[in-house]
Amino acid sequence: MKLAICHLYPDLLDLYGDRGNILTLAARCRWRGIEPVIQKASLGEDLDFMGMDILFIGGGSDREQGLLVQDLMRRENELRKAIENGLVVLSICGGYQMLGKYYQMTNGERIDGLGILDVWTIAGAKRLIGNVVVELDEKKSSGNSNKFRTMVGFENHSGKTYLGEGISPLGKVLFGHGNNGEDSGEGVRYLNVFGTYLHGPLLPKNPHLADLLLELAIQRRGVDTRLMELDDCLEDLAHKAMVKRLLKQA
Ligand SMILES: NC(=O)CC[C@H](N)C(=O)O
């Protein structure tokens with residue numbers, strides 16, 4: 001079996017090594033005998049969203065977000081269609097913001113978003129920076145590997161993201177700021193689209209989430225299979241240690 005994984009704007013949205021999410025998905029495929037077909041695409045390059053299984057969009061600075069917005073807007077219809085068809089998307093920070101309605105930067109200028117997620121972002125006076133522990137919403141994150149109900153990482157953003165009526169957070173912040181540092185929410189899930197502020201990279205620190213994305217992508221293919229368990233003892237130890245250390249500080 002092959003899984004098509006696309007890294008969109010790897011040259012512009014790759015803050016804090018977010019490409020590690022692609023490496024993690026690819027490795028966890030290979031360790032199970034699934035062939036990952038990795039595609040990278042940036043400004044002006046053609047993409048077939050319906051032909052891919054997982055789309056990844058990383059984080060970036062305000063400047064880079066401004067550079068790619070026109071290109072991203074041109075892709076709206078195709079991307080929206082694929083998302084409504086169940087395309088699995090992981091979007092981190094800036095990438096997450098740009099799937100929302102807009103991102104208003106500290107200078108008051110607004111960068112339009114795709115409006116696929118019912119969220120909007122307004123830059124605050126101070127950056128939200130630091131380690132984060134999130135208690136995942138059961139319904140939004142349950143898969144075969146439910147070993148952890150937590151998600152860990154770090155955040156560094158000026159944008160504060162607010163959620164509309166029809167969408168709720170991916171989880172509850174136990175340590176750190178999350179979407180906006182005000183309502184204890186972090187991230188969102190809409191259909192198979194996951195948005196989060198957590199860098200780390202996210203997936204090596206949360207292998208259960210990597211497997212959830214892979215499961216969803218395989219299920220969308222109509223393949224009824226359970227992913228083989230991997231030996232994540234080191235990752236699990238690191239995850240549990242981070243949760244324990246940070247919650248002691250909370
Ligand atoms: N880490 C990021 O991707 C930052 C996103 C956006 N530039 C902000 O500062 O909020």
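Residues: numbered from 1 along the sequence shown. Atoms within a ligand are numbered from 1 in the order they appear, just like the ligands themselves.
Less than 4.0 angstrom separates some heavy atom of G59 from each of these atoms of ligand 1: 3 (O). In the vicinity of R127, heavy-atom distances shorter than 4.0 Å reach the ligand 1 atoms 9 (O). Taking every non-hydrogen atom of G159 and a distance limit under 4.0 Å, the qualifying atoms of ligand 1 come out as 8 (C), 10 (O). Close approach of ligand 1 to G94 (heavy-atom distance below 4.0 Å) involves ligand atoms 2 (C), 3 (O), 5 (C). Annotation for ligand 1: atoms under 4.0 Å from non-hydrogen atoms of Q65 are 5 (C), 6 (C), 7 (N). Applying the 4.0 Å criterion to heavy atoms of N156 picks out, from ligand 1, the atoms 1 (N), 2 (C), 4 (C). Atom numbering of ligand 1 starts at 1 in the shown order; those under 4.0 Å from a heavy atom of H199 are 1 (N), 2 (C). Interface of L15 with ligand 1, defined as ligand atoms under 4.0 Å from a residue heavy atom, comprises 1 (N), 2 (C), 3 (O).
Using a 4.0 Å cut-off between charged nitrogen and carboxylate oxygen, K40 and D14 do not count as a salt-bridge pair. Using a 4.0 Å cut-off between a side-chain N of Lys or Arg and a carboxylate O of Asp or Glu, K81 and E84 do not qualify as a salt bridge. Using a 4.0 Å cut-off between charged nitrogen and carboxylate oxygen, D71 and R75 count as a salt-bridge pair.
Atom CG of D224 has 12 or fewer heavy atoms from other residues, nucleotides or ligands within 6.0 Å. Within 6.0 Å of CZ in R19 there are 12 or fewer heavy atoms belonging to other residues, nucleotides or ligands.
The protein heavy-atom contact nearest to atom 5 (C) of ligand 1 is G60 O, 3.2 Å. At the top of the distance list for atom 7 (N) of ligand 1, counting protein heavy atoms only, stands D62 OD1, 2.6 Å.
A distance of 9.0 Å separates CG of L209 from OG1 of T150, quoted to the nearest 0.5 Å.
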Return all side-chain donor-acceptor pairs below 3.5 angstrom for residues 113-124, not counting sequence neighbours, or 'none' if the list is empty.
residue, atom, partner, partner atom, Å
D118, OD1, K101, NZ, 3.0
T121, OG1, T161, OG1, 2.7

Under 3.5 Å, sequence neighbours excluded: what are the donor-acceptor pairs made by side chains of residues 163-178?
residue, atom, partner, partner atom, Å
S168, OG, K140, NZ, 2.7

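The closest donor-acceptor contact from the side chain of D48 to the backbone of M50 lies under 3.5 Å.
For the residues G66, C93, S61, G58, the heavy atom positioned nearest atom 2 (C) of ligand 1 is part of C93.
Between Y197 and the choices F154, Y96, Y16, the ring-ring contact (aromatic ring centres under 6.0 Å, His included) rule is met once, by Y96.
Below 3.5 Å of separation, one finds no N or O of Y197 facing any N or O of ligand 1.
Contact analysis leaves Y96 out of contact with ligand 1, as no non-hydrogen atom separation drops below 4.0 angstrom. Note on ligand 1: E64 sits outside its first shell, no heavy atom being nearer than 4.0 Å.
The residue A123 has no part lying near ligand 1, judged by heavy-atom distances below 4.0 Å.
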